[in-house]
Amino acid sequence: MGKDNVEIIAVEATQANMMDYEEASRSFDWADVEKRFSWHETGKVNLAYEAIDRHAASERRDHIALHYSDPVRSESYTFEQLRQQSNRAANMLRKLGIGKGDRVFIFMPRTPELYFTLLGIIKIGAIAGPLFEAFMETAVKDRLADSGAVAIITTPKLVERVPSHELPELQHVILVGDEQEITAPYIHFAQEMQEASTEADIEWVDLDDGLILHYTSGSTGKPKGVYHVHRAMIQQEYTGRIVLDLQENDIYWCTADPGWVTGTSYGIFAPWLNGVTNVVRGGRFSPQDWYETIGRYQVTVWYSAPTAFRMLMGAGDEVVQQYDLSSLRHVLSVGEPLNPEVIRWGYRVYGQRIHDTWWMTETGAQLICNYPRMDIRPGSMGRPIPGVEAAIIDDAGNVLPPLRMGNLAIKTPWPSMMYKIWNNPAKFEEYTRIPGWYISGDSAYMDEDGYFWFQGRIDDVINTSGERVGPFEVESKLVEHPAVAEAGVIGKPDPVRGEVIKAFISLREGYTATEELKQEITRFVKEGLSAHAAPREIEFKDKLPKTRSGKIMRRVLKAWELELPTGDLSTIED
Ligand code: WTA
């Protein structure tokens, strides 16, 4: 595509961030970003200090750090109050003998306690493992077992999904809830917090010491623990400034849950490293509730996801008019391809250009983005941020010229790149198999002006509502059901969710394909794994296409679904 036939939504002179992209890229040096942090002098670091305590010790001490609300609670905390609450959490954990390098999981809905705890874990040099509240027992167990977690902070309701008896390394279960719901051996969060001191020593660590483990899915095997270190903050702070465009008086709202990487890198770290007010809205999605939240807090910078924007678009323009969205000045999106149609709609009804950003759990922070001061080409993810080099390469590692489709690759390293995959060096090597490059698993092309255009996943990973689901994990759960002999799972294109999960299933002898059985199998996955991983569609087949070595050929299932040619079948069983 040449420049002439590309749709462009031009930058407006009103954008606060006047960074010139070309200029910034030319003169860029990560070392300049590092100078913004205190370790530049001491050599030792702690992300929680840089995000909270540093501001609490400055004139921003009484600035609001967190506006939290859900349908029943509404609370705000200053940087100084967050410093104290996270110190209490740090002391609570220390009292249990937890310390540097230990894995401590958080499994609860978004509430202020989640944020105090996550910061407290980081303050003592432990490694935080946030889990999405919708996970069911198998998903929880796999992650805790793989990481060897020693403690989990959860709620009286969710603890039913934590199979402690099968997790020998798990020593402490802390519950956030009312006293009458909590009995020994469970530890009562509120009581411990109340008794704990508001002062705590920070564990100073090295830039490459562990910070957080985010489990994410690939196309094969169990979910893998993507291990990030404190160094990631360099890029989180920087992109918070130049991509989110965070300024001193912004009110920022990232709609993601900390169970996913966007909810930590950009729902916690980027805003607080920049000393900015962060909005957290608990409870369920509804267009009315979301617009009301923007109006209530006068949100200026809003980071959300394509599925959410599509649902808002579906709710209609009239709803928008009933709320005050006049505070908005910068809107961004991540997680899946952002449809040009949604960008045009957003421009029309919000008066805002929605800025697409591309990155992954493994990359720790944004890499390819639309900047405030950049013309938007609807459908393009944007251009690499200064300090990052992206290219399209073929399987042999050759850099391809513009307009050729291939592997989206990033020159290694960059500050927020994952440090390793927990317990699985072989998996890590799959990403770095071509020397000097990180292979993302996405396919894309670059246009002649350096804008990148997403084309799809190279592997079978499913992206449903912006959440990554590994087909293997779903298939493994499906075959645990007594009726299921074999299962193959694919992503089926969907206008709102991007993709939905479709399962092809062959039944065991003695079972008949009925509507009730479909529902029962769906419920089985929902209750065992998680709602977002459950198939929306099931199709029964007598036989599934397999390779001679017995692997189900998802590629063929996908071709069936899309009524496409099935391609090379030379490895098929019969
Ligand atoms: C996809 C979320 C198109 C992509 C931060 C990537 C996108 C995967 C975009 C990572 C985008 C993310 N346009 N696709 N702007 N952003 N993706 O790990 O396939 O949950 O590899 O990280 O989401 O998903 P993850």
Side-chain angles (χ1 to χ4, degrees), residues 130-132 212-219 223-228 232 235-236 239 243-244 254-270 303-310 331-340 342-343 354-371 376-385 390 405 407-410 416-418 421 427 430-431 438-446 451-471 473 491 493 497-499 530 532-533:
L131 292 180
F132 188 46
I212 199 161
L213 257 184
H214 273 292
Y215 276 81
T216 192
S217 303
S219 48
K224 44 190 190 261
V226 175
Y227 179 89
H228 284 290
Q235 196 166 336
Q236 290 158 351
T239 51
V243 181
L244 302 179
C254 168
T255 60
D257 186 278
W260 313 112
V261 73
T262 308
T264 56
S265 291
Y266 292 98
I268 300 179
F269 305 147
Y303 198 11
S304 194
T307 293
F309 289 123
R310 287 190 293 260
V331 182
L332 305 99
S333 169
V334 66
E336 351 149 35
L338 181 63
N339 326 59
V342 173
I343 297 183
I354 305 178
H355 295 72
D356 195 11
T357 63
W358 177 89
W359 58 292
M360 306 174 66
T361 306
E362 294 87 335
T363 74
Q366 297 159 338
L367 292 179
I368 296 180
C369 300
N370 288 278
Y371 299 87
I376 287 179
R377 300 183 174 189
S380 161
M381 309 184 288
R383 290 194 281 180
I385 62 167
M405 191 169 134
N407 298 294
L408 173 57
I410 310 291
S416 65
M417 181 180 172
M418 67 173 157
I421 300 282
K427 267 277 181 250
E430 287 175 19
Y431 293 93
Y438 163 87
I439 312 292
S440 67
D442 285 359
S443 67
Y445 70 87
M446 187 185 82
Y451 282 73
F452 283 76
W453 301 72
F454 178 83
Q455 299 296 295
R457 280 296 296 180
I458 284 158
D459 56 23
D460 299 327
V461 170
I462 300 165
N463 192 330
T464 178
S465 301
E467 279 155 15
R468 254 165 92 171
V469 175
E473 206 181 355
R497 293 185 170 78
E499 289 184 303
S530 80
H532 74 277

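Counting starts at 1 for both ligands and their atoms, in listed order. Here, residue 1 is the first one in the sequence, and each next residue gets the next number. Bear in mind the structure is a predicted one, so any value in this text is a computation, not a measurement.
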| said: Would you say S530 and H532 are linked by a side-chain donor-acceptor pair, where the criterion is simply a distance under 3.5 Å? | reply: yes
| request: Below 4.0 angstrom from a heavy atom of D442, which ligand 1 atoms are there? Numbered from 1 as shown, please. | output: 4 (C), 6 (C), 19 (O), 21 (O)
| said: Show the atoms of ligand 1 that are less than 4.0 angstrom away from any heavy atom in R457. | reply: 19 (O), 21 (O)
| N/O of G335 under 3.5 Å from N/O of ligand 1, yes or no? | yes
| task | State whether the shortest distance between N or O atoms of R468 and N or O atoms of ligand 1 falls below 3.5 angstrom. | result | yes
| said: For a quick check under 3.5 Å, do R310 and N339 share a side-chain donor-acceptor pair by atom type? | reply: yes
| Looking only at distance, does S440 have an N or O less than 3.5 Å from an N or O of ligand 1? | no
| task | Select the closest option to atom 9 (C) of ligand 1 among Y266, W358, F452, judged by heavy-atom distance. | result | W358
| P337 near ligand 1, heavy-atom distance under 4.0 Å? | yes
| What protein heavy atom sits nearest atom 11 (C) of ligand 1, and how far off is it? | E336 O, 3.4 Å
| Got a donor-acceptor contact below 3.5 angstrom from the Q235 side chain to the S416 backbone? | yes
| Those atoms of ligand 1 less than 4.0 Å from some heavy atom in N463 | 1 (C), 23 (O)
| task | Could you list which atoms of ligand 1 come closer than 4.0 Å to a heavy atom of T361? | result | 18 (O), 20 (O), 22 (O), 25 (P)
| said: Centroid separation under 6.0 Å, is that true for the rings of W260 and Y266? | reply: no
| field | Whether N370 side chain and M381 backbone form a donor-acceptor pair below 3.5 Å | value | yes
| field | Nearest protein heavy atom with distance in Å, relative to atom 2 (C) of ligand 1 | value | W359 O, 4.0 Å
| message | Within the 4.0 Å heavy-atom shell around T357, which atoms of ligand 1 are there? | response | 11 (C), 15 (N), 16 (N)
| task | Could you establish whether W260 and ligand 1 come within less than 4.0 Å of each other, counting only heavy atoms on the residue side? | result | no
| field | Check: T262 N/O within less than 3.5 Å of ligand 1 N/O | value | no
| R468 with E362: basic N within carboxylate O range, under 4.0 Å | yes
| query | Using a distance-only test with no angle check, is there a side-chain donor-acceptor pair under 3.5 angstrom linking Q236 and S265? | reply | yes
| said: Donor-acceptor pair, distance only, cut-off 3.5 Å: does the side chain of D257 make one with the backbone of G259? | reply: yes
| query | With no hydrogens and no angle check, do the side chains of T357 and Y303 hold a donor and an acceptor under 3.5 Å apart? | reply | yes
